[in-house]
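Protein chains get the first letters and strands the later ones, always in sequence-line order, with residue 1 at the start of each. Values below: all heavy atoms of this structure, side chains included; hydrogens, waters and symmetry mates excluded.
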Protein chains: 2
Amino acid sequence: MRACDLLATFPTVTADTPVIEAARLLAGQDLPGLIVVDERGLPVSILPGTQVLRLAVPGYCLDDPALARVVDEKHADAFASSLASRTVRQALPPERRELPVTDPDATVLELAALMARTHSPLVAVVEQGRLLGAVTLQALLDRVLAA
Amino acid sequence: MRACDLLATFPTVTADTPVIEAARLLAGQDLPGLIVVDERGLPVSILPGTQVLRLAVPGYCLDDPALARVVDEKHADAFASSLASRTVRQALPPERRELPVTDPDATVLELAALMARTHSPLVAVVEQGRLLGAVTLQALLDRVLAA
């Protein structure tokens, strides 16, 4: 069993996609994360859902849970409105890290090692400069446990 | 909107649960992670799915992607068999970190800040020494984006 047997097409966003659209995509399709592609359609980042959410949370609430607590319910409910003015670019990590990207020949062991090492429930599969799709942790576990 | 409006019951495991059972629970119910509880039923850890998978991968494959590549397909397919002999205890992080646990009064802003800060798509909700359930990133996004 190899990545080509497990992959499925997966929606992509670009650095210019508004965060609100990215959040709708995550929620609407129950995705574990998002593949951010460049103008050639190749992955430049794989964003876990929690890091998309991060953009909607004011910095003082990230640093100090006690400060998030003092914001009343009405204002807390409105926090998502700040998503509208931001783009995915602002959610990208500043440093270059290993990307969970592999080729269609990767075995389930390689996929599992890549997910575990990069803490990503999602691996993008690329062949000859083209994004073929992605393998999710769910797809991998379903197949490995059924085998 | 508060945690009590968003929470749903959520399956739990203990440190003694075999990893293969934990993996089946993750896969079978499409969970973003697992709540590990102690003998009182209170959360001691929230494990993302990728860290459950980590236990099934030999250390040399985690450290060096090239070594995962040399394992042939047949042996790679069998990697999940190593899950059978291990328990969740071995997947728990060694250091004490902030747990994504809150109370039923937490606002959506507090929940979002907690998920973003702890990189957890899952927050356990506890009241008076009792686990009430969990709020997932999906549930949070669904409600916040619909509002």
Side-chain angles (χ1 to χ4, degrees), chain A residues 1-2 20 23-24 26-28 30-32 48-58 61-65 67-69 71-73 75-80 83 98 102 105-121 137-147, chain B residues 1-2 20 23-24 26-28 30-32 48-58 61-65 67-69 71-73 75-80 83 98 102 105-121 137-147:
Chain A
M1 195 168 15
R2 297 187 180 266
I20 188 86
R24 291 215 167 97
L26 271 175
D30 262 358
L31 307 177
T50 52
Q51 298 320 290
V52 175
L53 199 61
R54 192 178 186 91
L55 275 190
V57 178
C61 294
L62 287 175
D63 298 335
D64 187 344
L67 287 177
R69 177 114 291 193
V71 176
D72 66 27
E73 188 174 348
H75 286 92
D77 283 352
F79 91 98
L83 288 171
E98 182 186 11
T102 191
D105 287 335
T107 63
V108 288
L109 183 58
E110 286 181 84
L111 289 165
L114 195 51
M115 286 180 188
R117 200 165 57 238
T118 60
H119 297 256
S120 173
L137 174 65
Q138 290 295 343
L140 181 69
L141 284 177
D142 282 347
R143 291 291 295 270
V144 164
L145 295 172
Chain B
M1 195 169 13
R2 296 186 181 267
I20 188 87
R24 289 214 168 96
L26 270 176
D30 262 0
L31 306 177
T50 52
Q51 297 319 288
V52 175
L53 198 62
R54 192 178 187 91
L55 275 189
V57 178
C61 293
L62 287 175
D63 298 336
D64 187 344
L67 287 175
R69 176 115 290 193
V71 177
D72 67 24
E73 187 174 347
H75 286 93
D77 283 352
F79 90 97
L83 288 171
E98 180 186 13
T102 192
D105 287 334
T107 62
V108 287
L109 183 58
E110 285 180 86
L111 290 164
L114 194 53
M115 286 181 188
R117 201 164 58 236
T118 59
H119 296 256
S120 173
L137 173 64
Q138 290 296 344
L140 181 69
L141 283 179
D142 282 347
R143 291 290 295 271
V144 164
L145 295 173

With rounding to the nearest 0.5 Å, note down the distance linking CD in E98(B) to CZ in R117(B). 4.0 Å
Greatest number of non-hydrogen atom pairs under 4.5 angstrom with chain A, of M115(B), R24(B), R2(B), falls to R2(B)
Which region of L140(B), side chain (C-beta onward) or backbone (N, CA, C, O), has a non-hydrogen atom less than 4.5 Å from a non-hydrogen atom of chain A, or is it both or neither? side chain
Quick one: which of T102(A), T107(A), V108(A), D105(A) has the most heavy-atom pairs under 4.5 Å with chain B, could you say? V108(A)
Using side-chain heavy atoms (C-beta onward) and a distance below 4.5 Å, is H119(A) in contact with H119(B)? no
Okay, L62(B) and chain A: the region with an atom under 4.5 Å from a heavy atom over there is both
Gap separating the CG atom of D142(B) from the CG atom of D30(A), nearest 0.5 angstrom: 7.0 Å
Taking side chain to side chain donor-acceptor pair (under 3.5 Å) as the definition, give me every residue that meets it alongside R69(A), ordered by chain and number, with sequence neighbours left out. D103(B), E110(B)
Judged by atom type as modelled, is there a donor-acceptor pair below 3.5 Å linking the side chain of Q138(A) to the main-chain atoms of P32(B)? no
Leading residue by heavy atom contact count with chain B [cutoff under 4.5 Å; candidates A139(A), G49(A), P48(A), A116(A)]: A116(A)
Apply salt bridge (charged side-chain N to carboxylate O under 4.0 Å, His left out) to R54(B) and list each qualifying residue two or more places apart in sequence or on a separate chain. none
Heavy-atom distances under 4.5 Å only: say whether T118(B) touches chain A with side chain, backbone, both or neither. neither
Under 4.5 Å heavy-atom distance to chain B, tell me which part of E73(A) shows up: side chain, backbone, both or neither. both
